Asks: 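Below you'll find the structure I mean.
Heads up: numbering here begins at 1 and tracks the sequence. Keep in mind it's a predicted model, so treat the numbers as computed, not measured. Just the heavy atoms: all of them, side chains too, but no hydrogens, waters or symmetry mates, feed the values below.
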Amino acid sequence: MRAKPLLIALFLSVNLVSALEPVLAQQNEAAALTVAVARPAERRWPETVPTSGWLKPWHEAVVAAEIGGLRVTDVLVDVGSVVSKGQALVRLADEAVRAELRKEGAALASARADLAKARANAGRARKMQGSGALSDEKINEYLIAEQTAIAGVESAEALLESQKIKLAQTTVLAADDGLITSRSAQLGAVVSSGTELFRLIREQRVEWQAEVSARYLPRIKEGLTATIVGPGDRRVKGIVRLVGPTVSTDTGRALAYVALPAEAHPPIGIYVTGQIELETTAALTVPETALVLRDGIAYVFTVDADKRASRVRVETGRRNGSEVEILSGLDRSTEVVMTGSAFLSDKAFVRVTGDALVELEEGESR
């Protein structure tokens, strides 16, 4: 008789559990997080070498006075001026030079008159050779005087040409196209020969002298693309034009000279970071939003056929914008949670975005 109530209680318990199972399932589904999943993407990314270095002029040109002892009368440009080759930059007082030029011109005219006289005498002497009217000694004297007069004219012409050059040097010209970066010319100053007046960047070309670890040196060649990150996170692309032949014994680094476009006008004299692109290789990538960092370790969540999320440890590599390379831990066919990973726990039930939309549409039709 006592067994009968026990059987009845057991029967009721089993029925109660069976009745609660749909309710528990609905609660679990209601508590599931809706996520977006996708497979990792295959990209072709260049391998990069991070580096840093100074922005410096490609070449500098010094503009100096070629004539001394003259006063600066005009300064025609200033720092920041863009100049062309042969453009006038400074004018020097030329009164004394012009006076010397006139003096040398007069000396040349006198030498030419002396030459005319000497030639006339030499001509007569040649006609009288062998006639006995003039001694051989006198004839030779006239011929030598002609040669001396010719030399005198040539010397006077050279002195006149020298003064013309000095007159031209009273206007100081730009040595090349470029941008003026410094000025020491002062109005009224008396300059000496060789005094620096200006300094300019030739062709306005600026280069990045990137310090590269010696272990990358065999792989860095002329023509590779490089990118610098300038002030305000401004990115400028350039081309490796030269790789330094020596490695510093202090730093263990070599210099790679990266030519930057002139139109970029990067500021000179700042230290910037950047990267040099090496060969292009395949990369398995996921969005940065798919990564979960816990205790300094990177994880992603994958979703299986039962809609269960599994936490998988991965090793990351290169980054390009909002994408991250996965070096290990995933394969191409894995379904990865792309958004919402930070709110998941291992083995949690999830609802995939596409499935949730289908269920919503079916519910509305019912």
Side-chain angles (χ1 to χ4, degrees), residues 43-64 77-87 89 173-184 194 196-281 283 317-321 325:
R43 309 289 190 197
R44 297 288 298 177
W45 281 0
E47 185 180 353
T48 59
V49 177
T51 182
S52 56
W54 295 96
L55 292 179
K56 294 187 176 182
W58 165 61
H59 279 162
E60 278 192 313
V62 174
V63 179
V77 295
D78 206 340
V79 173
S81 299
V82 178
V83 299
S84 303
K85 184 176 181 179
Q87 179 179 336
L89 305 182
L173 307 178
D176 199 356
D177 299 343
L179 175 71
I180 301 292
T181 56
S182 71
R183 189 198 89 178
S184 53
E196 179 180 321
L197 302 176
F198 296 96
R199 191 176 290 263
L200 62 85
I201 301 174
R202 293 183 59 193
E203 301 178 12
Q204 300 186 62
R205 288 172 58 182
V206 178
E207 67 180 11
W208 179 38
Q209 296 183 6
E211 299 177 356
V212 181
S213 174
R215 64 191 180 98
Y216 292 113
L217 199 55
R219 304 177 61 190
I220 296 179
K221 309 294 182 185
E222 296 178 12
L224 292 178
T225 300
T227 304
I228 68 168
V229 182
D233 291 333
R234 180 188 175 205
R235 294 181 175 270
V236 179
K237 286 189 176 292
I239 301 296
V240 176
R241 72 168 185 88
L242 178 67
V243 180
T246 60
V247 177
S248 171
T249 56
D250 297 326
T251 63
R253 294 175 176 272
L255 288 180
Y257 298 85
V258 178
L260 302 176
E263 58 272 15
H265 298 298
I268 301 169
I270 64 172
Y271 197 79
V272 297
T273 60
Q275 59 188 20
I276 298 175
E277 298 179 2
L278 302 180
E279 59 185 340
T280 300
T281 57
R318 295 168 284 179
R319 292 175 180 261
N320 187 1
E325 180 185 19

Asks: Report the distance from atom CH2 of Trp45 to atom CG of Asn320, rounding to the nearest 0.5 Å.
Replies: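 Going from the CH2 atom of Trp45 to the CG atom of Asn320 covers 5.0 Å.
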
Asks: Keeping the roles fixed (side chain from Glu325, backbone from Gly317), state whether a donor-acceptor pair exists under 3.5 Å.
Replies: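 No, because the side chain of Glu325 does not come within donor-acceptor range (under 3.5 Å) of the backbone of Gly317.
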
Asks: Just so I know, are the side chains of Pro231 and Ile270 near enough to count as touching, which here means a heavy-atom distance under 4.5 Å?
Replies: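 Sidechains of Ile270 and Pro231: in contact.
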
Asks: Minimum heavy-atom separation for Ser84 to Ala174, with atom names?
Replies: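 The pair with the smallest heavy-atom distance is O-CB, 3.3 Å.
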
Asks: Sort and list the pairs that fulfil ring pair (Phe, Tyr, Trp, His ring centres under 6.0 Å) and have at least one residue in residues 228-280, not counting sequence neighbours.
Replies: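 Ring pair (Phe, Tyr, Trp, His ring centres under 6.0 Å) check on residues 228-280 returns Trp54-Tyr271.
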
Asks: Hey, what do you get for CZ (Arg319) to OG1 (Thr48), rounding to the nearest 0.5 Å?
Replies: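 Going from the CZ atom of Arg319 to the OG1 atom of Thr48 covers 12.0 Å.
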
Asks: With sequence neighbours excluded, tell me which residues meet salt bridge (charged side-chain N to carboxylate O under 4.0 Å, His left out) with Arg183.
Replies: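 For Arg183 the salt bridge (charged side-chain N to carboxylate O under 4.0 Å, His left out) partners, ignoring immediate neighbours, are Asp78.
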
Asks: Would you give the length of the straight line joining atom OG1 of Thr280 to atom CZ of Arg43, rounded to the nearest 0.5 angstrom?
Replies: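 Thr280 OG1 to Arg43 CZ: 14.5 Å, rounded to 0.5 Å.
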
Asks: Indicate the atoms forming the closest heavy-atom contact of Leu173 with Gly86, along with that distance.
Replies: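 Distance-wise, the nearest heavy atoms are CD2-O, 3.5 Å.
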
Asks: Where the side chain of Ser248 meets the backbone of Arg253, is there a donor-acceptor pair that is under 3.5 Å apart?
Replies: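 Side chain of Ser248 to backbone of Arg253: no pair is present.
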
Asks: To the nearest 0.5 Å, how far apart are CD1 in Ile268 and CD in Glu60?
Replies: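 Between Ile268 CD1 and Glu60 CD, I get 7.5 Å after rounding to 0.5 Å.
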
Asks: Hey, mind stepping through Leu260 and Leu55 against side chain to side chain contact (heavy atoms under 4.5 Å, CB included) and telling me if it holds?
Replies: CA-CA 10 Å; Leu260 302 176; Leu55 292 179; 3.7 Å; yes

Asks: Do Thr273 and Pro50 have side chains that approach each other closer than 4.5 Å (heavy atoms only, starting at C-beta)?
Replies: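 No, every pair of side-chain atoms sits at 4.5 Å or beyond.
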
Asks: Measuring from atom CG of Leu179 to atom CZ of Arg202, what distance do you get when rounded to the nearest 0.5 angstrom?
Replies: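 Between atom CG of Leu179 and atom CZ of Arg202 there are 14.0 Å.
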
Asks: By salt bridge (charged side-chain N to carboxylate O under 4.0 Å, His left out), which residues pair with Glu222, not counting sequence neighbours?
Replies: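 Scan of Glu222 (salt bridge (charged side-chain N to carboxylate O under 4.0 Å, His left out), adjacent residues dropped) gives none.
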
Asks: Between Val212 and Ala256, what is the shortest heavy-atom contact and its length?
Replies: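 For Val212 and Ala256, the tightest heavy-atom pair comes out as CG2-CB, 3.9 Å.
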
Asks: Ignoring hydrogens, what is the shortest heavy-atom contact between Gly230 and Val272? Give both atom names and the distance.
Replies: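 Between these two residues, the closest heavy atoms are CA-CG1, 4.4 Å.
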
Asks: Looking at every non-hydrogen atom in both residues, tell me the closest pair between Val62 and Glu196 and how far apart they are.
Replies: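 Heavy-atom minimum between the residues: CG1-CG, 3.6 Å.
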
Asks: Please report the shortest heavy-atom distance between Ile276 and Ala226, naming the atom on each side.
Replies: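 Between these two residues, the closest heavy atoms are CG1-CB, 4.0 Å.
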
Asks: Could you name each residue pair satisfying salt bridge (Lys or Arg N to Asp or Glu O under 4.0 Å) that touches residues 46-55, not counting sequence neighbours?
Replies: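 Pairs touching residues 46-55 that pass the test: Glu47-Arg219.
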
Asks: Only counting residues at least two apart or in another chain, list the ones meeting salt bridge (charged side-chain N to carboxylate O under 4.0 Å, His left out) with Glu211.
Replies: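 Once residues adjacent in sequence are excluded, Glu211 has no partner under the salt bridge (charged side-chain N to carboxylate O under 4.0 Å, His left out) criterion.
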
Asks: Going by salt bridge (charged side-chain N to carboxylate O under 4.0 Å, His left out), name the residues that satisfy it together with Lys237, two or more places apart in sequence or in a different chain.
Replies: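 With neighbours one apart ignored, the set is Glu277.
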
Asks: Is there a side-chain contact between Val79 and Thr181, using heavy atoms and a 4.5 Å cut-off?
Replies: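 A side-chain contact is absent here, since even the closest heavy-atom pair is not under 4.5 Å.
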
Asks: Do Asp177 side-chain atoms and Glu203 backbone N/O form a donor-acceptor pair below 3.5 Å?
Replies: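 No, Asp177 side chain to Glu203 backbone: no donor-acceptor pair under 3.5 Å.
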
Asks: Just by modelled atom types, is the Val83 backbone N or O under 3.5 Å from a matching donor or acceptor in the Ser81 side chain?
Replies: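 Answer holds: no.
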
Asks: If the test is side chain to side chain contact (heavy atoms under 4.5 Å, CB included), which one of Asp176, Ile180, Leu89 qualifies with Val63?
Replies: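 Among Asp176, Ile180, Leu89, the one that satisfies the side chain to side chain contact (heavy atoms under 4.5 Å, CB included) with Val63 is Leu89.
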
Asks: Could you state the interatomic distance from CD (Glu207) to NE2 (His59), rounded to the nearest 0.5 Å?
Replies: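 Between atom CD of Glu207 and atom NE2 of His59 there are 7.5 Å.
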
